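As structure tokens, the structure follows; a few thoughts come after it.
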Amino acid sequence: MIKHTVMGAAVGAALAMGAQHAVHAQMSRDHGAKGQGIAVEVPWARATPGRSANGAAYFTVTNRGPSGDRLIGASSSAAGRVELHTHIHDKGVMRMRKLDGVVLAPGVSVTFRPGGHHVMLVGLKAPLRKGGTFPLTLRFEKSAPVTVTVKVMGIGAMGGGGSHGHRPGGPK
Ligand SMILES: [Cu+2]
């Protein structure tokens, strides 16, 4: 829990910095077409235990375009409803809170990770099994939607890239 608290604070600080960058937008850059400025990298999810109704997906989203944008929603065929969530520190307890959107200042990356921002998959149609994949579509205020293939990692995974998790995976 302490680790999650620290990570949540780090995400908050990164967001505050992002907001400042938005003020000093780099107007000199002139990148191409609408929709090409958003990159979504290493999308991953944790396998869900048993018959868990909900899951979470994570990724790093980078705004490579010349102007600010916002991530405003997501959808997936894997779940009945998909919401943007973050964790907040409330009197020593981590709670999830729904987000209306996430600011993406130009040149800034925002990483969704356990204990911080996440995409909540509400009402999974099937459990997420390690090794599986599912599609996730992210919607933005200005840029075109981006659909990525989310890779399902182990239950205790801390990232989608390597296998540097701090906990072994739980029972299948
Ligand atoms: Cu959540």
Side-chain angles (χ1 to χ4, degrees), residues 4 7-48 54-88 94-126 128 132-153 157-162:
H4 284 178
M7 288 170 71
V11 168
L15 284 179
M17 285 168 59
Q20 283 191 341
H21 286 163
V23 175
H24 305 290
Q26 297 167 35
M27 302 304 286
S28 58
R29 278 205 256 161
D30 186 21
H31 285 197
K34 224 170 126 179
Q36 291 185 342
I38 299 288
V40 179
E41 293 165 298
V42 201
W44 68 285
R46 278 178 172 167
T48 52
N54 303 328
Y58 312 100
F59 46 81
T60 296
V61 57
T62 303
N63 182 0
R64 293 181 176 148
S67 55
D69 205 341
R70 274 175 82 228
L71 173 61
I72 55 170
S75 59
S76 175
S77 56
R81 194 169 81 246
V82 181
E83 298 177 350
L84 304 177
H85 280 192
T86 195
H87 279 96
I88 55 163
M94 292 301 294
R95 297 183 195 283
M96 291 199 294
R97 196 180 67 185
K98 197 175 163 183
L99 296 170
D100 291 332
V102 176
V103 172
L104 301 171
V108 166
S109 290
V110 179
T111 297
F112 284 51
R113 58 166 70 102
H117 287 4
H118 55 282
V119 162
M120 197 86 202
L121 306 160
V122 183
L124 286 172
K125 291 175 183 168
L128 301 180
T133 61
F134 61 90
L136 177 70
T137 299
L138 302 176
R139 293 194 314 277
F140 302 91
E141 199 168 72
K142 295 173 189 161
S143 300
V146 175
T147 298
V148 293
T149 299
V150 180
K151 199 167 145 192
V152 181
M153 312 300 285
M158 288 302 289

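As the structure is a computational prediction, the values presented were derived from the model and not from experiment. Heavy-atom basis, side chains included; hydrogens, waters and symmetry copies ignored.
One distance of note links NE2 of H87 with CZ of R97; it measures 12.0 Å at 0.5 Å rounding.
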Just do the side chain to side chain contact (heavy atoms under 4.5 Å, CB included) check on V40 and L136 with the steps written out, would you? CA-CA 11 Å; V40 179; L136 177 70; over 6 Å; no
Is there a side chain to side chain contact (heavy atoms under 4.5 Å, CB included) between D100 and R70 once you walk through the steps? CA-CA 10 Å; D100 291 332; R70 274 175 82 228; 4.3 Å; yes
Apply side chain to side chain contact (heavy atoms under 4.5 Å, CB included) to T60 and V42, showing your working. CA-CA 7 Å; T60 296; V42 201; 6.0 Å; no
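The closest donor-acceptor contact from the side chain of R46 to the backbone of A157 lies under 3.5 Å.
For T133, the side chain to side chain contact (heavy atoms under 4.5 Å, CB included) partners are T149, not counting sequence neighbours. Every salt bridge (Lys or Arg N to Asp or Glu O under 4.0 Å) that E83 has, sequence neighbours left out, goes to R81, K98.
By the 4.5 Å heavy-atom criterion applied to side chains, I38 and V61 are counted as neighbours. Side-chain contact check for F59 versus V150: every heavy-atom pair is 4.5 Å or farther apart. For the pair V119 and L84, the minimum side-chain heavy-atom distance is below 4.5 Å. M158 is not listed as a side-chain neighbour of R113, based on a closest heavy-atom distance of 4.5 Å or more.
Looking at every heavy atom in both residues, G115 comes nearest to M94 through O-CE, 3.9 Å. Contact record, L121 with A79: CB-CB, 3.8 Å, taken as the closest heavy-atom pair. The minimum heavy-atom distance linking A57 with F134 is given by the pair CB-CZ, 4.4 Å. Between N63 and A105, the shortest heavy-atom contact is CB-O, 3.4 Å. Taking every heavy atom of both residues into account, P135 and S77 meet most closely at CG-OG, 3.4 Å. When all heavy atoms of T48 and N54 are compared, the pair lying nearest together is CG2-O, 3.6 Å.
Ring geometry, F112 versus H117: the interplanar angle exceeds 60°, so the pair is classed perpendicular (tilted spans 30 to 60°).
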